[in-house]
Amino acid sequence: MDEAILIGCQTQYENDQTFESTMNELEALAETVDAEILETFTQKREKIHSAYYVGTGKVEEIKHYIQEHDVEVAIINNELTPSQSRNLTNTLEIKIIDRTQLILDIFAMRARTKEGKLQVELAQLEYMLPRLHGKGVELSRLGGGIGTRGPGETKLETDRRHIRNRITDIKESLKQVVKHRAQYRENRKKRSAFQISIVGYTNAGKSTLFNRLTKEASLEEDKLFATLDPLTRRITLPSGFHALISDTVGFIQKLPTTLIAAFRSTLEEVTEADFILHVVDCSDENAIEHEKTVKEILTELNADHLPVLTVYNKMDLLNQEFIPYSQPSIQINAKNNEDLIRLTHKIEEVLKQNWEHYDVFIPADEGKLIHRLKHESIVVSQEFAEDQDAYRISGYLDKDMPLYHQLTK
């Protein structure tokens, strides 16, 4: 376990609450890689110091603390420029990790699939490339621990050409993976599979909800970024309607845009979704901020037009009345079976509000079409009309589904 300090600079553009929230998050990120936090240093400035991130007086104070307490790593609450990173390393004489590096490090620990691992390596190499100049001292300090998972010392010490070639190779490999995923999605659409994506702030309980709904055992941990690779499973809602449900990587404040780009693949499931379950940890004091962050990222992904049900999770941890920020919404404890049943009914309720109502007669010998209606729509009633030798079926159906066009021809 590395003994570390946290360093944050609050500029005039950040209010106290937002800044404190990002510092708490930085601590949670650091704990995810098993760092032991000895002390936190913060400074208010009009803008970030161009050479040292914080002012030179604060740097001296930090240096004095490091010498007295045998600190191994300093973790910075922003992405540093190459020169800031170099200056801090030379002055403090310990390993410097910025927020982006820390997140990349966690991504490297968590990635499971081939695609996930490629995406992590690509993001790490692209992050390192502009920072290679004069890397001798820093690389000699890399050692083990935080900030070293992934490309590692030997690869980074080789020349820029090697890294650029590797970046090109990874991008080519990813194109193939993306092509396969696109084919898979195309087939899914042809099969009229309805896609639900679970999104939310990291550690909101998405994986727990996914596991309970699908009886699946994906990684469930009280750590940030426990899930990096999109998982998709089938679920059946109370009416008999079949849907595919995906778990996705958690969103986070100040997630660098380069990382959003690098992890498009894990978020692509969201852009392809037909419906979004937005999970919010309502016991977190920054729940509303987190909710807004997720909404902003959904807008960036052009997924803000999709129907959303906000799921306020961890109700059991609340000790005061909770007022939902968004509607439609439901308040649950994802580990409670009765709450999960309420949730599945609520999903159907919201879908009905967004879908078209239908009322049709289907000849009794068209068993295949009746079967499709039961699984690809929300059937509300079904009765046999003897005089017509047909079933009268009414319910709700997504007008973008092929079955809708078949019924309304």
Side-chain angles (χ1 to χ4, degrees), residues 183-198 209-216 231-247 269-270 272-279 305-311 327-334 336-409:
Q183 281 169 350
Y184 167 67
R185 277 201 302 266
E186 199 55 46
N187 293 338
R188 204 161 66 193
K189 283 276 181 259
K190 279 178 191 160
R191 294 199 311 272
S192 306
F194 186 81
Q195 180 75 44
I196 299 172
S197 265
I198 302 179
L209 183 62
F210 177 81
N211 292 343
R212 297 298 188 273
L213 285 173
T214 63
K215 313 290 186 289
E216 182 67 29
L231 287 166
T232 302
R233 298 286 178 270
R234 193 165 83 163
I235 61 166
T236 303
L237 294 177
S239 68
F241 176 68
H242 285 178
L244 292 176
I245 191 161
S246 294
D247 188 13
E269 294 293 328
V270 180
E272 294 294 330
D274 300 296
F275 186 77
I276 288 176
L277 282 182
H278 177 184
V279 184
H305 64 285
L306 297 168
V308 177
L309 171 60
T310 305
V311 181
Q327 291 297 348
S329 70
I330 185 171
Q331 299 172 25
I332 67 161
N333 165 11
N336 180 304
N337 283 333
E338 286 176 14
D339 282 4
L340 290 178
I341 292 165
R342 280 197 309 116
L343 173 62
T344 56
H345 283 283
K346 183 71 177 178
I347 292 170
E348 289 200 337
E349 189 186 307
V350 177
L351 288 177
K352 285 180 194 174
Q353 289 165 6
N354 284 280
W355 288 359
E356 299 294 319
H357 181 261
Y358 69 84
D359 192 345
V360 291
F361 284 91
I362 309 286
D365 58 2
E366 287 208 34
K368 200 172 180 182
L369 181 56
I370 294 167
H371 177 80
R372 281 189 69 191
L373 274 176
K374 284 180 178 174
H375 293 310
E376 294 176 29
S377 76
I378 296 173
V379 172
V380 176
S381 69
Q382 174 184 324
E383 52 193 41
F384 185 62
E386 280 191 39
D387 56 328
Q388 298 192 41
D389 193 27
Y391 286 93
R392 183 179 183 177
I393 301 174
S394 71
Y396 295 84
L397 181 58
D398 180 1
K399 67 176 188 298
D400 292 330
M401 284 295 187
L403 186 58
Y404 180 78
H405 303 292
Q406 194 174 331
L407 282 186
T408 53
K409 273 195 296 199

Taking the side chain as everything from C-beta on, heavy atoms only, tell me whether [X] gets closer than 4.5 Å to [Y].
{"X": "Asn354", "Y": "Asp398", "answer": "no"}
{"X": "Arg234", "Y": "His242", "answer": "yes"}
{"X": "Ser239", "Y": "Val379", "answer": "no"}
{"X": "Lys215", "Y": "Arg233", "answer": "no"}
{"X": "Thr214", "Y": "Phe210", "answer": "yes"}
{"X": "Asp274", "Y": "Ile196", "answer": "no"}
{"X": "Phe194", "Y": "Leu351", "answer": "yes"}
{"X": "Tyr396", "Y": "Val380", "answer": "yes"}

Would you confirm whether [X], through its side chain, and [Y], through its main-chain N or O, come within 3.5 Å as a donor-acceptor pair?
{"X": "Arg342", "Y": "Gln331", "answer": "yes"}
{"X": "His278", "Y": "Leu309", "answer": "no"}
{"X": "Gln388", "Y": "Ala390", "answer": "no"}
{"X": "Asp389", "Y": "Ala385", "answer": "no"}

About how many Å separate [atom2] of [Y] and [atom1] of [X], when rounded to the nearest 0.5 Å?
{"X": "Ile276", "Y": "His305", "atom1": "CD1", "atom2": "NE2", "result": "8.0 Å"}
{"X": "Asn336", "Y": "Arg212", "atom1": "CG", "atom2": "CZ", "result": "10.5 Å"}
{"X": "Thr344", "Y": "Phe241", "atom1": "OG1", "atom2": "CZ", "result": "13.0 Å"}
{"X": "Gln406", "Y": "Leu373", "atom1": "CD", "atom2": "CG", "result": "8.5 Å"}

Not counting sequence neighbours, which residues clear side-chain hydrogen bond (donor to acceptor under 3.5 Å, both in side chains) with [X]? List them please.
{"X": "Glu386", "answer": "none"}
{"X": "Ser377", "answer": "Tyr358"}
{"X": "Ser394", "answer": "Ser381"}
{"X": "His345", "answer": "none"}

Audit row: Val360, Tyr391, side chain to side chain contact (heavy atoms under 4.5 Å, CB included) steps and yes/no: CA-CA 8 Å; Val360 291; Tyr391 286 93; over 6 Å; no
Side chain to side chain contact (heavy atoms under 4.5 Å, CB included) between Leu244 and Ile235, intermediate numbers included: CA-CA 6 Å; Leu244 292 176; Ile235 61 166; over 6 Å; no
Exercise: identify the closest heavy-atom pair between Asp339 and Asn333: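 Closest approach of Asp339 to Asn333, heavy atoms only: OD2-N, 2.8 Å.
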Taking every non-hydrogen atom, the tightest pair across Ser246 and Gln195: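 For Ser246 and Gln195, the tightest heavy-atom pair comes out as OG-NE2, 2.6 Å.
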Test log, rule side chain to side chain contact (heavy atoms under 4.5 Å, CB included), inputs Leu277 and Ile245: CA-CA 10 Å; Leu277 282 182; Ile245 191 161; 4.2 Å; yes
Candidate pair Leu340 and Leu209, rule side chain to side chain contact (heavy atoms under 4.5 Å, CB included), full reasoning: CA-CA 8 Å; Leu340 290 178; Leu209 183 62; 3.6 Å; yes
With Glu349 via salt bridge (charged side-chain N to carboxylate O under 4.0 Å, His left out) - residues at least two apart: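 Scan of Glu349 (salt bridge (charged side-chain N to carboxylate O under 4.0 Å, His left out), adjacent residues dropped) gives Lys346.
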Salt bridge (charged side-chain N to carboxylate O under 4.0 Å, His left out) contacts in which one or both residues fall within residues 352-366, not counting sequence neighbours: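 Only Asp359-Arg392 qualify under salt bridge (charged side-chain N to carboxylate O under 4.0 Å, His left out).
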Within 6.0 angstrom of Glu338 CD, more than 12 heavy atoms from elsewhere: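 Open: at most 12 neighbouring heavy atoms sit under 6.0 Å from CD of Glu338.
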is_close_aromatic(Trp355, Phe275), centroid dist under 6.0 Å: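 Not close enough - the centres of the two rings lie 6.0 Å or further apart.
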